[in-house]
Amino acid sequence: MKTKKRGGRRLKRDWRTKIDVTDVDTYLEGKRLQERIGDPFSEKKDEELFHIDTSGKKQKTKKKSINAPLKCLSILQSTSAIPPLAKRSVKKYKKNNKKEDDFDKNIKPLKKGGIVKKKEVKELNKILKAKVKTLELKENSTKDLFDKDLWTGYREPGQRKDKLIKNVIKWLPSEVLNHNAKILPKLSNKKMSHPSQTTCEADDMKCPHPGLSYNPTIEDHVSLLANIAEKETELIKHEAHMNRVTRNLFQQVSKEKNEQMIIDELTEGLPGFTDDTVKEVNEDTSEFKAINPPTTRDNQKTIKKRKIQRRLRNEERQRMNAKLEKKKISDLYRLRYIREELDELENETNKKKLKRLQKRQLNNISTRRLGTNKFTESLDAFALPKDLKGTLRETEPQGNIFKDCFESLQKRNILSVGKKQLKIHKKKVQAFMQPAFKVTPDMLAKYSV
Amino acid sequence: MPMQKKKFQSGEGARYVTRRAALNKLQLSLKDFRTLCIIKGIYPREPAHRRRAQRGKSGIHILYLKKDILFLLHEPMIWKLRDLQVHLNRLRRAKGMHQKDMIKRYANTIPRVAIDHVVKERYPTFIDALRDMDDALTLCSLFSTFPKLKSIPPNLIALCRRLTVEFMHVCIAARALRKVFISIKGIYFQVEIKGQAITWVIPHNYPHEPQKKQEVDFYTMATFADFYSTALGFVNYRLYHNLNLYYPPRLGSYNAERLEEEILEENETSDRVAALNLPLQKTAEDVEDPADAELDLDTFAVDGDESKAEEARKEYEKVRKLKKLFEGLKVFLNREVPREPLVFALRCFGAQVSWDETTFPEGATFPETDETITHQIVDRPELEKQYISRYYIQPQWVFDCINARELFPVEKYFIGTPLPPHLSPFTVEYRTQRYVPPEEKALTDPSVIVNKDQELLDEISDNDIEDIEDDKKESEDETMDADDEDLDDFDGEMTEEQLAEIKRKKMKVELGMPEVINKGKLRREHNQMRLLKEKMIQKKYRNLYKSMKSGKMKREKEIKLLKYKRRIHERTSVENKRAEIRARRAQAATLM
């Protein structure tokens with residue numbers, strides 16, 4: 001046994017040099033090894049180490065599967081019994097162990113129709129009564145989508161801060177606010193308000209025609225039908241007009257004739273196609289004539305005539321110049337009148353501008369054109385007299401409310417009128433068949449189908 | 001050289017942006033942009049000068065105000081939409097890769113884009129929100145009838161159903177219904193809440209008819225419905241709390257079994273709530289019932305307009321009576337009657353309602369065999385087993401009573417009888433001068449009684465018919481009068497000689513005579529005054545006056561003609577009937 005070295009143990013240095021800690025170290029080392037490779041054999045029970053072979057048969061050696069790791073990789077595997085350190089990068093999700101408050105697993109619906117034992121009912125009622133109590137206690141903790149009053153003046157505790165800031169803003173000068181706006185964006189007083197947009201007021205949703213009643217008076221019904229007939233006749237008239245202006249302007253030929261005409265046109269002048277029997281007639285034998293032939297000696301102007309023309313031209317120019325000069329002088333006198341005229345002109349343009357503005361405002365009320373397509377009002381729903389049965393049970397609903405809603409939005413300039421989708425675009429899915437599943441004619445023959 | 005001014009840097013060209021430019025600015029897909037615009041209430045605009053606004057480009061582009069787009073840029077919802085897009089992409093990818101756990105995780109954590117703040121922003125006050133409830137209710141009640149469709153999120157339909165039912169409940173609790181109109185399109189309801197009239201349509205109870213996709217853009221409408229349903233939810237919340245009711249609604253009393261079922265159903269509207277037949281539970285006791293609520297109206301006029309104040313007082317009195325219209329009635333609905341609108345209409349005015357349990361499983365409070373039932377609503381030509389203690393009437397009676405604001409006699413609405421016409425309460429009186437048929441007059445003024453055929457038979461004798469002819473002559477005379485009034489001066493009731501005689505006896509003391517008013521002379525003077533006034537009309541208004549006058553004459557003529565026609569029609573029908581009776585009597589005599 002070693003004798004203890006004398007000395008203090010106050011400092012780290014003392015421990016390092018003077019005190020022997022090897023026995024502690026070895027003990028700890030052994031403990032760690034034990035942790036790594038497991039318990040020592042001495043501590044293990046017999047059952048863990050041995051087993052009694054009762055079958056007496058030779059155990060088949062397992063064939064190595066392809067998926068098994070290679071033996072050379074076994075070095076890389078850890079032999080330690082200590083579980084590896086957890087990955088630090090993985091985020092830990094807190095498991096939500098909270099049970100749903102509303103649902104109790106003990107509560108099951110009663111069997112409908114079948115016989116229910118009195119005892120069961122009693123038990124269930126007991127549970128439910130307790131439930132009701134708890135529910136009544138937790139009145140305010142509803143998890144509804146709509147759980148607050150949007151339009152109340154009361155502020156929740158969290159919102160109070162905003163109010164405070166607003167109050168502070170009130171007395172701060174604008175320079176201070178602007179300076180600090182970069183640091184505290186909340187301080188900035190600028191807040192965009194919702195752009196007010198006047199939509200078209202006209203909305204027939206609010207006021208249905210009295211003739212639309214399921215059991216209308218004759219007058220109302222007649223007036224409704226008259227309205228619709230008027231619109232319809234207008235449409236028919238428009239259509240007829242369009243036909244007259246477009247289709248009827250052109251001659252129509254049958255398909256065969258058209259084809260023949262095209263062929264004739266394309267083979268014009270080709271040998272073998274055209275009839276050579278028709279001879280060229282009316283061969284023009286007259287002489288060539290220019291539009292403005294050069295002057296000849298016969299129609300030349302005389303010198304006298306030229307002189308006269310020149311003199312007249314000069315005189316005209318002089319007269320015009322004199323007139324201009326005269327006007328310049330007179331304009332000097334007219335100067336103040338010109339000012340008046342200008343004022344008048346300005347007045348007139350202002351008036352026009354005002355008128356234009358008013359017109360634009362009027363237009364804003366009505367339906368406007370927002371996109372490529374123009375809004376056209378569809379005909380209102382109506383029932384023919386024979387369809388009006390006069391009782392609620394037999395009335396057949398007419399019209400389409402959904403469409404009305406949609407069109408009302410378009411009418412009020414909320415939606416732009418889109419193109420009518422005549423085709424429904426479906427994605428084309430290209431289908432392939434696995435070659436193994438393909439059925440060939442010789443296969444059919446093989447199975448004599 | 002001065003800085004050259006560039007085109008479209010200011011003015012209209014700078015004020016508008018195309019949709020494409022807006023998309024680039026906001027960095028959103030077209031789909032998201034559309035959704036955002038609908039929810040925020042930003043609509044495209046039409047510029048005054050399209051060419052300038054489109055920066056010289058031809059054609060027609062969809063244009064937005066640049067200011068509006070900048071407003072959208074500040075919306076925090078845009079970030080949510082972007083997140084949602086990313087999330088959906090991940091989900092799509094997981095689906096493509098068949099990663100089941102990932103699909104489950106992503107599908108469960110789809111972020112919800114909250115639009116509460118937008119509702120508050122678009123409707124700064126509660127009244128603003130109520131004003132826009134027309135569209136919201138129409139759309140929500142329409143969506144609630146839809147089956148599960150591909151282009152509409154499934155929980156939206158359930159939510160719409162829940163909210164419409166809740167709104168109806170609150171209308172019942174507040175007794176807010178004012179007008180009902182059954183049209184061939186659907187049933188129009190008008191309620192009055194906080195002085196705002198809210199009108200909406202509910203479709204007739206028929207199976208869903210597939211809509212044509214080319215007519216309506218489903219995706220757009222679903223977005224509208226999304227916004228409106230949120231708005232309606234918050235409106236409901238406020239309405240319920242104003243009336244001291246629980247929200248979400250809690251019905252009458254707790255029943256253990258029922259409650260359990262409700263818990264199991266969770267989000268879906270329970271049938272018990274949808275039945276509309278049980279009173280809502282209140283958060284506080286001894287609260288004044290809105291049916292009994294009384295308002296002390298000022299007796300003095302506000303702006304010195306006495307007649308207006310009087311009118312308002314009358315209207316208020318009428319509405320107060322209307323709120324208790326069906327109080328004390330016990331109504332049973334037959335199977336063939338549309339349940340929901342009728343229960344709503346009846347309960348809004350205090351009736352007790354029940355129905356056959358086969359039509360709707362929950363909420364029926366009493367069976368058909370109950371002897372205390374006062375009215376049974378039937379819509380079939382005949383019924384085999386009838387109780388003596390109750391009236392069997394057709395559903396139109398309920399709606400007509402509501403529109404007329406009083407209980408009608410039930411005779412006209414008995415089972416199997418042809419109904420009187422159902423008039424629209426939404427008529428706008430834009431023409432004061434028009435022909436009002438006696439049936440319509442009777443609706444507004446109960447003192448006018450429509451002549452029944454039998455009465456006519458008794459009343460109208462040959463003399464009357466002559467009278468009618470006289471009337472006609474008179475009317476012709478009147479028109480003649482109007483033409484040449486200046487010519488006939490001596491057409492009065494009193495001649496001048498008589499007047500002179502009266503003057504001669506001036507000196508004597510005699511019994512006092514009532515002052516004689518020469519009506520003809522008065523009329524003539526009046527006419528002359530009118531003519532003078534007409535002459536004083538300024539030149540620029542003269543044509544207008546002329547057209548007004550001619551229009552008035554025309555309308556008067558029309559009314560006269562229609563009245564005349566009606567009398568002729570009545571007379572002929574009476575004569576026909578009389579002839580029939582005579583023939584029958586003659587037949588009987590011959591048989592005797």
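Since we're looking at a predicted model, the values are computed, not measured. Numbered from 1 within each chain, the chains take letters A, B, ... in sequence-line order. Heavy-atom basis, side chains included; hydrogens, waters and symmetry copies ignored.
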**Q.** Top contributor to chain B interface from A:Asp387, A:Leu409, A:Asn373, A:Thr395 [non-hydrogen pairs under 4.5 Å]
**A.** A:Leu409

Q: Report yes if the side chains of A:Thr372 and B:His61 come closer than 4.5 Å at any heavy-atom pair, otherwise no.
A: no

Q) Where does A:Glu394 contact chain B at under 4.5 Å (heavy atoms): side chain, backbone, both or neither? A) neither

Q. How far apart are the closest heavy atoms of B:Tyr43 and A:Ile414, and which atoms are they?
A. CE2-CG2, 3.3 Å

Q. Going through the distances and angles, do A:Phe402 and B:Phe218 end up as a side-chain contact (heavy atoms from CB on, under 4.5 Å)?
A. CA-CA 10 Å; A:Phe402 200 34; B:Phe218 267 70; 3.8 Å; yes

Q. What part of B:Asp116 gets closer than 4.5 Å to chain A, counting heavy atoms only: side chain, backbone, both or neither?
A. both

(Q) If I take atom OG from residue B:Ser424 and atom CG from residue A:Leu212, how far apart are they, to the nearest 0.5 angstrom? (A) 8.5 Å

Q | Which atoms of B:Phe181 approach chain A - backbone, side chain, both or neither, heavy atom under 4.5 Å | A | side chain

Q) Given the rule in the side-chain contact (heavy atoms from CB on, under 4.5 Å) test, do A:Thr367 and B:Glu46 qualify, once you have shown the distances and angles that lead to the verdict? A) CA-CA 10 Å; A:Thr367 311; B:Glu46 192 191 17; over 6 Å; no

Q) Between B:Leu159 and A:Leu145, does a side-chain contact (heavy atoms from CB on, under 4.5 Å) hold up when you go through it step by step? A) CA-CA 10 Å; B:Leu159 183 68; A:Leu145 274 174; 4.0 Å; yes

Q) Between A:Lys403 and B:Glu215, is the closest basic N to carboxylate O distance under 4.0 Å? A) yes

(Q) Rounded at 0.5 Å granularity, tell me how far CD1 in B:Ile184 sits from CG in A:Leu224. (A) 7.0 Å

Q. Are A:Leu370 and B:Leu63 close enough that some pair of their side-chain heavy atoms sits under 4.5 Å apart?
A. no

Q.
Any side-chain to backbone donor/acceptor pair from B:Arg238 onto A:Asp149? Under 3.5 Å, distance only.
A. no

Q: Any chance you could measure A:Asp147, atom CG, to B:Phe234, atom CZ, to the nearest 0.5 Å?
A: 7.0 Å

Q. Looking only at heavy atoms, which two atoms of A:Trp151 and B:Pro124 are closest? And how far apart?
A. CD1-O, 3.5 Å

Q: Can you tell which part of B:Thr145 gets under 4.5 Å to a heavy atom of chain A, answering side chain, backbone, both or neither?
A: neither

Q. Of all of B:Met221, B:Arg122, B:His241, B:Glu336, which one pairs up most often with chain A through heavy atoms under 4.5 Å apart?
A. B:Met221

Q: Select one option (side chain, backbone, both, neither) describing which atoms of B:Pro203 are under 4.5 Å from chain A's heavy atoms.
A: both

Q: Identify which part of B:Thr230 has an atom lying under 4.5 Å from any heavy atom of chain A, answering side chain, backbone, both or neither.
A: both

Q.
Nearest 0.5 angstrom please: A:Glu396 CD to B:His204 NE2, how far?
A. 10.5 Å

Q | Pair B:Asp135 + A:Arg412, salt bridge at N-O below 4.0 Å | A | yes

Q.
Heavy-atom pairs under 4.5 Å with chain B - which of A:Ser213, A:Ala381, A:Gly390 has more of them than the others?
A. A:Ser213

Q. Looking only at heavy atoms, which two atoms of B:Lys185 and A:Ile401 are closest? And how far apart?
A. O-CD1, 3.6 Å

**Q.** Region of A:His221 in contact with chain B, defined by heavy-atom distances below 4.5 Å
**A.** neither

Q. In terms of heavy-atom proximity below 4.5 Å to chain A, should B:Arg34 be classed as side chain, backbone, both, or neither?
A. neither

Q. If we ignore angles and hydrogens, is there a donor and acceptor under 3.5 Å between the side chains of B:Gln396 and A:Tyr214?
A. yes

Q | Within-4.5 Å side-chain heavy-atom neighbours: B:Leu139 and A:Phe406 | A | no

Q: Could you pull out the closest heavy-atom pair between B:Pro44 and A:Ser416, with the gap in Å?
A: CG-CB, 4.3 Å

Q: Look up atom CD in A:Gln398 and atom OG in B:Ser183, then write down how far apart they are to the nearest 0.5 Å.
A: 10.5 Å

Q | Flag side-chain contact, heavy atom, 4.5 Å: B:Val337 against A:Leu392 | A | no

Q) Where does B:Leu239 contact chain A at under 4.5 Å (heavy atoms): side chain, backbone, both or neither? A) neither

Q | Other residues, nucleotides, ligands: >12 heavy atoms within 6.0 Å of B:Lys120 NZ | A | yes

Q. Would you find more than 12 non-hydrogen atoms of other residues, nucleotides or ligands less than 6.0 Å from A:Ile218 atom CD1?
A. no

Q. Of the backbone (N, CA, C, O) and the side chain (C-beta and beyond), which part of B:Pro420 lies under 4.5 Å from a heavy atom of chain A, both, or neither?
A. backbone

Q.
Restricting to non-hydrogen atoms, name the atom on B:Ile62 and the atom on A:Gly371 that form the minimum distance, rounded to 0.1 Å.
A. CG1-CA, 4.0 Å

Q) Heavy atoms, side chains only, cut-off 4.5 Å: are B:Thr138 and A:Cys405 in contact? A) yes

Q) What pair of heavy atoms forms the shortest contact from B:Arg162 to A:Phe146, and how long is it? A) NH2-CD1, 3.9 Å

Q. In terms of heavy-atom contacts, does NE2 of B:His569 have more than 12 from other residues, nucleotides or ligands at under 6.0 Å?
A. no

Q: Check each atom of B:Phe146 against the heavy atoms of chain A and say whether the ones under 4.5 Å are side chain, backbone, both or neither.
A: side chain

(Q) Can you tell me which portion of B:Phe143 sits under 4.5 Å from chain A's heavy atoms? Options are side chain, backbone, both or neither. (A) side chain

Q.
Quick check on the interface: out of A:Gly418, A:Pro397, A:Pro210, who has the most heavy-atom pairs with chain B under 4.5 Å?
A. A:Pro397

Q | Residue B:Pro381 versus chain A: region with a heavy atom under 4.5 Å | A | both

